[in-house]
Chemist: 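Mind looking over this structure? Questions follow.
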Amino acid sequence: MSDRTYAILGTGALGGFYGARLQKAGLDVHFLLKSDYEQVNKYGLVVESKDGDFTLPKVHAYNDVEKMPRCDVVVVALKTTQNHLLPKMLPSVVKDDGVVLVLQNGLGVEEEVAEIVGNVTVSGGLCFLCSNKVGLGHIHHLDYGQIVLSEYTPNYQPAGITEMMQQIANDFESAEISIELAEDLLLARWKKLVWNIPYNGLSVILNARTDELMAYSYTRQLVEQLMYEVAAGAKSYGRIISDRFIQTMLDYTVKMKPYRPSMKIDYDEHRPLEVEAIFGKPLQKAQAKGVNLVQISCLYHQLKFLDARGKEGGC
Ligand SMILES: NC(=O)C1=CN([C@@H]2O[C@H](COP(=O)(O)OP(=O)(O)OC[C@H]3O[C@@H](n4cnc5c(N)ncnc54)[C@H](OP(=O)(O)O)[C@@H]3O)[C@@H](O)[C@H]2O)C=CC1
Ligand SMILES: CC(C)(CO)C(=O)C(=O)O
């Protein structure tokens with residue numbers, strides 16, 4: 001068992017699930033919480049999972065990042081809508097020779113984190129996980145769980161497979177979380193957007209689950225067109241996403257249990273939407289290369305409207 005210490009910033013559906021699994025495997029994990037703090041501090045975490053339910057009656061819980069010990073690996077598991085808090089959170093919790101591991105959806109967060117933490121190593125993980133927080137300190141893991149892990153270097157130059165990535169992968173594998181190591185974080189992030197952009201966006205705008213989007217040729221076509229636009233965005237950075245990959249994502253979604261993507265759940269729960277990280281940033285990045293992603297831009301504007309209206313208390 002490794003003696004690496006982990007900090008989980010944001011003990012929700014994703015952070016709560018992976019953090020609990022790491023602790024269950026014997027690692028030393030420290031959880032930052034907000035509204036769940038009192039409950040989790042007293043009673044720990046409950047994980048209902050398709051791989052087996054478990055409870056951790058005692059966890060290291062904190063409601064203030066300043067009270068947390070400096071850790072070797074700091075997992076960013078807040079919603080990206082809370083990332084304005086990172087400049088305050090990260091410097092006090094990550095060791096000088098530690099790693100910040102961004103497990104959020106979207107594009108460009110590692111760049112922002114690297115600006116904050118200077119010489120500390122930054123990595124990104126793409127999580128193929130279906131998990132929800134269903135109550136205070138109560139996580140419901142519905143499906144999947146694999147992480148594609150990759151290290152960040154300035155301007156997202158491919159970093160190769162580093163020793164540090166291998167060590168973190170070993171920790172997650174000891175917690176029975178499947179890990180794939182990727183040499184090129186930027187390619188991995190664009191590939192994840194091939195799924196997130198069409199399904200997160202359309203599920204909110206059309207009030208539909210993934211199975212409904214795939215059941216009608218109208219929406220299936222739209223999904224596919226959006227996937228090809230994401231591939232065009234990736235290509236503007238020299239990253240090639242093959243037709244075969246797109247086909248695999250379509251087939252994978254058809255086989256998935258009917259699912260409400262994370263953005264749809266946020267919308268239904270009247271929470272802020274991760275529009276900027278998932279739509280705004282990729283659009284901005286492609287535009288910087290002279291590529292206009294017209295259909296994604298159309299989704300972006302509609303989602304911004306729904307998000308803004310939600311914040312004003314509309315329906
Ligand atoms: N859930 C999933 O299956 C997947 C999620 N992702 C990505 O992972 C990221 C996290 O999503 P998810 O776990 O679903 O979101 P959740 O909302 O379930 O979890 C975020 C957690 O952060 C907590 N939090 C917010 N602000 C603070 C704060 N100031 N201090 C301490 N804790 C805070 C929230 O607490 P509170 O509720 O009290 O605000 C919440 O428990 C997102 O980028 C998402 O897109 C990616 C793949 C799959
Ligand atoms: C692909 C999926 C469903 C889980 O990994 C996701 O990222 C989301 O719901 O936003």
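Whatever order the structure lists them in is the order used to number ligands and atoms, beginning at 1.
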Chemist: Return yes or no for this condition: an N or O of Lys192 is under 3.5 Å from an N or O of ligand 1.
Modeler: no
Chemist: For Ile168, is there any backbone N or O sitting under 3.5 Å from a side-chain donor or acceptor partner on Arg4?
Modeler: no
Chemist: Short N/O distance, under 3.5 Å, between Ala13 and ligand 1?
Modeler: yes
Chemist: Please evaluate residues Asn200 and Ser262 with respect to the criterion side chain to side chain contact (heavy atoms under 4.5 Å, CB included), reporting the C-alpha separation (whole Å), side-chain torsions for both, the decisive distance (0.1 Å), and the verdict.
Modeler: CA-CA 7 Å; Asn200 287 37; Ser262 53; 3.5 Å; yes
Chemist: What part of Ala77, side chain from CB on, backbone N/CA/C/O, both or neither, has a heavy atom under 4.0 Å from ligand 1?
Modeler: backbone
Chemist: Applying side-chain hydrogen bond (donor to acceptor under 3.5 Å, both in side chains) to Glu66 and Ser92, what does each step give before you reach the verdict?
Modeler: CA-CA 6 Å; Glu66 307 262 338; Ser92 70; 4.6 Å; no
Chemist: For atom 48 (C) of ligand 1, what's the nearest protein heavy-atom neighbour? Residue, atom name and distance, please.
Modeler: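 For atom 48 (C) of ligand 1, the nearest protein heavy atom is Leu129 O, 3.1 Å.
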Chemist: Starting from atom 15 (O) of ligand 1, which protein heavy atom do you reach first, and at what distance in Å?
Modeler: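 The closest one turns out to be Lys79 CE, 3.2 Å.
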Chemist: Please could you name the atoms of ligand 1 that Asn105 approaches to less than 4.0 Å, counting only its heavy atoms?
Modeler: 6 (N), 7 (C), 43 (O), 44 (C), 45 (O), 46 (C), 47 (C)
Chemist: Which ligand 1 atoms are under 4.0 Å away from a heavy-atom of Cys130?
Modeler: 3 (O)
Chemist: To check your reading of the model: name the closest protein heavy atom to atom 29 (N) of ligand 1, its residue, and the distance in Å.
Modeler: Leu85 CD1, 3.4 Å
Chemist: To the nearest 0.1 Å, how far is atom 34 (C) of ligand 1 from its closest protein heavy atom, and which atom is that?
Modeler: Lys133 NZ, 4.5 Å
Chemist: Find out whether Ile205 and Leu303 are in side-chain contact, i.e. whether some heavy atom of one side chain is under 4.5 Å from a heavy atom of the other.
Modeler: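 Ile205 reaches Leu303 side chain to side chain.
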Chemist: Within the 4.0 Å heavy-atom shell around Cys127, which atoms of ligand 2 are there?
Modeler: 5 (O)
Chemist: Using a 4.0 Å cutoff against the non-hydrogen atoms of Tyr259, which atoms of ligand 2 qualify?
Modeler: 3 (C), 9 (O)
Chemist: Tyr228: what forms a side-chain contact (heavy atoms from CB on, under 4.5 Å) with it, not counting sequence neighbours?
Modeler: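 By the side-chain contact (heavy atoms from CB on, under 4.5 Å) rule, Tyr228 matches Glu224, Asp243, Ile246.
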Chemist: Using a 4.0 Å heavy-atom cut-off, which part of Lys192 comes near ligand 2: side chain, backbone, both, or neither?
Modeler: side chain
Chemist: Among protein heavy atoms, which lies nearest atom 5 (C) of ligand 1, and at what distance?
Modeler: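 The closest heavy atom on the protein side is Leu14 CD1, 3.7 Å.
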Chemist: Show which atoms of ligand 2 fall inside a sub-4.0 Å distance from at least one heavy-atom site of Asn196.
Modeler: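 Those qualifying, in numeric order: 6 (C), 7 (O), 8 (C), 10 (O).
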Chemist: How about His30 and Tyr62: are their ring centroids closer than 6.0 Å?
Modeler: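 Yes, close enough.
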Chemist: Who's closest to atom 24 (N) of ligand 1 heavy-atom-wise, of Leu9, Asp64, Leu78?
Modeler: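 Nearest option to atom 24 (N) of ligand 1, by heavy atoms: Leu78.
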Chemist: Nearest protein heavy atom to atom 38 (O) of ligand 1, by residue and atom, and its distance?
Modeler: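 Among all protein heavy atoms, the one nearest atom 38 (O) of ligand 1 is Ser35 OG, 2.4 Å.
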Chemist: Please answer whether the main-chain N or O of Cys71 pairs with a side-chain N or O of Thr5 as donor and acceptor at a distance below 3.5 Å.
Modeler: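 No.
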Chemist: Name each donor-acceptor pair under 3.5 Å that joins a side chain in residues 116-131 to protein atoms two or more places apart or in another chain, with its distance.
Modeler:
| residue | atom | partner | partner atom | Å |
| --- | --- | --- | --- | --- |
| Ser131 | OG | Ala13 | O | 2.7 |

Chemist: From Leu107 CG over to Asn105 CG, what is the distance, rounded to the nearest 0.5 angstrom?
Modeler: 11.0 Å
Chemist: Is the ring pair Trp195/Tyr259 parallel, tilted or perpendicular, if the boundaries are 30 and 60 degrees?
Modeler: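 Rings of Trp195 and Tyr259: tilted, 30 to 60°.
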Chemist: Please state which part of Val65 comes within less than 4.0 Å of ligand 1, counting heavy atoms only: side chain, backbone, both or neither.
Modeler: neither
Chemist: I'd like to know if Glu110 and Arg189 make a salt bridge, using a cut-off of under 4.0 Å between side-chain N and carboxylate O.
Modeler: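 Yes, charged N to carboxylate O under 4.0 Å.
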Chemist: Name the closest protein heavy atom to atom 1 (C) of ligand 2, giving the residue it belongs to and the distance to 0.1 Å.
Modeler: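 It is Trp195 CE3, 3.4 Å.
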Chemist: State the atoms of ligand 1, each with its element, that fall below the 4.0 Å cut-off from a heavy-atom position in Gln104.
Modeler: 43 (O)
Chemist: What's the shortest distance from atom 44 (C) of ligand 1 to any protein heavy atom, and which residue and atom give it?
Modeler: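 In this structure, atom 44 (C) of ligand 1 has Glu274 OE1, 3.4 Å as its nearest protein heavy atom.
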Chemist: Where's the contact between His140 and ligand 1, heavy-atom distance under 4.0 Å: side chain, backbone, both or neither?
Modeler: neither
Chemist: Are Lys264 and Arg209 close enough that some pair of their side-chain heavy atoms sits under 4.5 Å apart?
Modeler: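 No - every pair of side-chain heavy atoms lies 4.5 Å or more apart.
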Chemist: For atom 9 (O) of ligand 2, which protein heavy atom lies nearest, and how many Å away is it?
Modeler: Ser262 N, 3.0 Å
Chemist: Check whether His84 reaches the backbone of Pro87 with its side chain - one donor and one acceptor, N or O, closer than 3.5 Å.
Modeler: no
Chemist: Using a strict cut-off of 4.0 Å, indicate which atoms of ligand 1 neighbour a heavy atom of Thr11.
Modeler: 41 (O)
Chemist: List ligand 1 atoms under 4.0 Å from Met89, heavy atoms only on the residue side.
Modeler: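 Listed by number with element, the hits are 28 (C), 29 (N), 30 (N).
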Chemist: Taking Lys281 first and then Glu274, would you say they form a salt bridge - that is, a charged N and a carboxylate O separated by under 4.0 Å?
Modeler: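 A salt bridge is absent here (no side-chain N lies under 4.0 Å from a carboxylate O).
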Chemist: Going by the angle between their ring planes, with limits at 30° and 60°, are Tyr152 and Tyr156 parallel, tilted or perpendicular?
Modeler: perpendicular
Chemist: If you take all heavy atoms of Gly106 and Leu193, which pair is closest and at what distance?
Modeler: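 For Gly106 versus Leu193, the nearest heavy atoms are CA-CD2, 4.2 Å.
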Chemist: Please identify which atoms of ligand 2 are closer than 4.0 Å to at least one heavy atom of Pro261.
Modeler: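 Result: 9 (O).
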Chemist: Starting from atom 39 (O) of ligand 1, locate the nearest protein heavy atom and write down its residue, its atom name and how far away it is, to 0.1 Å.
Modeler: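 Scanning the protein heavy atoms, the shortest distance from atom 39 (O) of ligand 1 goes to Lys34 CE, 3.2 Å.
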Chemist: Using heavy atoms and a 4.0 Å limit, tell me yes or no: is Arg271 in contact with ligand 1?
Modeler: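 No, Arg271 has no heavy atom closer than 4.0 Å to ligand 1.
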Chemist: To check your reading of the model: name the closest protein heavy atom to atom 4 (C) of ligand 2, its residue, and the distance in Å.
Modeler: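 Of the protein heavy atoms, Leu129 O, 2.8 Å lies nearest.
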